[in-house]
Student: 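Would you mind keeping the following structure in view while I ask a few things?
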Protein chains: 2
Amino acid sequence: MLMTVKVQPPKTRIQRKNTQAILDAALEVFSRQGFRGATLDQIAAEAGLSKPNLLYYFPSKEAIHVSLLTELMTTWLDPLRDLDPDGEPVEELMTYVRRKLEMSRDFPRESRLFANEIIQGAPRMIGALEGELRDLVEEKSAVIRGWIAAGKIADLDPHHLLFSIWALTQHYADFDVQVRAVLGPGHDPLAEAGSFLDGLFTRLLRPE
Amino acid sequence: MLMTVKVQPPKTRIQRKNTQAILDAALEVFSRQGFRGATLDQIAAEAGLSKPNLLYYFPSKEAIHVSLLTELMTTWLDPLRDLDPDGEPVEELMTYVRRKLEMSRDFPRESRLFANEIIQGAPRMIGALEGELRDLVEEKSAVIRGWIAAGKIADLDPHHLLFSIWALTQHYADFDVQVRAVLGPGHDPLAEAGSFLDGLFTRLLRPE
DNA sequence: CGTGTTCTTGACCAGTTGGTCAAAACAGGA
DNA sequence: TCCTGTTTTGACCAACTGGTCAAGAACACG
């Protein structure tokens, strides 16, 4: 008896389109309202589907959320993964900063989804934080320590240097409303942040 | 006819105690769950009161939230208000950074409450952001620009310098879970942040 | 076309939510 | 002690919530 083995779920064209619409809508809603604050009705409306139809594609509200978070966790760390131990130290770190800021500009909803989850105590992510994330940070911290020892960059605690990069770049996505309220109209916050952070980190990383 | 004029609501001992318990419980719950995610039952339980009793002291869930936010807005900006135009520039800014970090250490719930509100689009705060906050920032930006012109500190855009201070200090309250997960046990994140940020801003502000 | 499969939905359900209300419990001064 | 104003609560409500289900609609493909 011959069968096509379904390694990945089959994914007809309709399935792909609808799961994508759902995830996109859910990202929009979860990133603003957090998990508890979001409702299936909002997500369904945003996706242009009926609520029972959502639950045809995903078994539960939580499944949608988890799906978003795991997808996010994978791509979110890419820029850090790409930090090249063999590259030119300052250039590598500046590239990392720039890419993180670009992500704040291009994927603010993802950034807010992440922020929401962390602020709420990371109930569904604490494992990934203490596992994947921690391991990656440990690995890259060692690289940075090497650069410091070699006198290539200033002497800065690698952990807190990374926290600084995260804080400074993600701030422009997560606190976008505040930033715009303070700057007033006629500003391009992300562009200004680009040159500001460029200068900041250039100065900061330069060994004395 | 003589009457004691009730400028402030009367506030018997019981009233003071209970409103305080409610606000404290609400801060705990709202700061973790956001407005929509929080429930009156959770707040009531946390405060040790019955739900109808909550609504004896506050007319609605929203009233509690607004009460917290306005109280917060007042005290949250104090450190910036205290930035003294006549003080020693670097010292003034370093003091500001230290005080902001102390607030992250001592009032993390307030910080998260604020973060939650902003991430959700600041529906109940946008006015204060575009008013009070914007005005204060404008005032202090002028002071900072003066310091730069006088060659007392490095040439940094005042707006984005303030954003940086906010981002770097509040990160340790809002992303506390992540910071601890990455650092692992045996660390005192806020203490480390203290000396790290001290070094960072010392180096950053020094005019070249 | 016909037919088996995939997709969609209206009706429904039990639990939760913010909020009301009248009546009871409690203070504290005269 | 009684009496009046304050505080507390159990019972209740309508709207909303996540989720189910059976039946119908749309699809793919021989």
Student: Near DNA chain C, under 4.0 Å by heavy atom, which residues of residues 28-37 of chain B?
Tutor: none
Student: I need the CD-P distance between Q42(B) and dT17(C), as an integer number of Å.
Tutor: 7 Å
Student: Between R109(B) and D24(B), does at least one N-O distance fall below 4.0 Å, as a salt bridge requires?
Tutor: yes
Student: Check whether any side-chain heavy atom of W76(B) sits under 4.5 Å from a side-chain heavy atom of S111(B), and report yes or no.
Tutor: yes
Student: In whole angstrom, what separates H65(B)'s NE2 from dG19(C)'s P?
Tutor: 13 Å
Student: Between Q15(A) and dC7(C), is there a contact of a side-chain N or O with OP1 or OP2 at under 4.0 Å?
Tutor: yes
Student: For K51(A) and dC21(D), give me the distance from atom NZ to atom P, rounded to whole Å.
Tutor: 15 Å
Student: Can you identify which nucleotide, out of dT17(D), dT9(D), dG18(C), has its nearest atom closest to the N53(B) side chain?
Tutor: dT9(D)
Student: Side chains of E138(B) and S141(B): donor-acceptor distance under 3.5 Å anywhere?
Tutor: no
Student: NZ of K61(A) versus P of dT20(D): gap in Å, rounded?
Tutor: 14 Å
Student: Identify whether any heavy atom of Y57(B) sits under 4.0 Å from a base atom; if not, whether one sits that close to sugar-phosphate; answer base, sugar-phosphate or nothing.
Tutor: sugar-phosphate
Student: Would you call E139(A) and R134(A) a salt bridge, taking side-chain N to carboxylate O under 4.0 Å as the test?
Tutor: no
Student: By nearest nucleotide on DNA chain C, pick out whichever of Y56(A) and P52(A) is the more 5' one.
Tutor: Y56(A)
Student: L55(B) near the nucleic acid: base, sugar-phosphate alone, or nothing, with a heavy-atom cut-off under 4.0 Å?
Tutor: base
Student: I need the CG-P distance between L54(B) and dT8(D), as an integer number of Å.
Tutor: 11 Å
Student: For F175(A) and H171(A), take the angle between the two ring planes, folded into 0 to 90°, and tell me which bin it lands in: parallel under 30, tilted 30 to 60, perpendicular over 60.
Tutor: parallel
Student: Assign A38(B) to base, sugar-phosphate, or nothing according to its heavy-atom contacts below 4.0 angstrom with the strands shown.
Tutor: sugar-phosphate
Student: What integer distance in Å separates I43(A):CD1 from dC16(D):C1'?
Tutor: 15 Å
Student: Would you kindly compare R13(A) and L49(B) by the position of their nearest DNA chain D nucleotide and give the one closer to the 5′ end?
Tutor: L49(B)
Student: If only side-chain N and O atoms of N18(B) are considered, is one of them under 4.0 Å from the OP1 or OP2 phosphate oxygen of dT8(D)?
Tutor: yes
Student: Figure out the NZ/P separation between K17(A) and dT8(C), and round it to whole Å.
Tutor: 7 Å
Student: With a 4.0 Å cut-off on N to O distance, would you call D78(B) and R99(B) a salt bridge?
Tutor: no
Student: Rounded to the nearest Å, what distance is computed from the CZ atom of residue R16(B) to the P atom of nucleotide dT6(D)?
Tutor: 15 Å
Student: May I ask you to say what A44(A) touches in the nucleic acid, namely base, sugar-phosphate or nothing, with a heavy-atom cut-off under 4.0 Å?
Tutor: nothing
Student: Check this for me: does any side-chain nitrogen of one of R105(B) and D176(B) sit under 4.0 Å from a carboxylate oxygen of the other?
Tutor: no
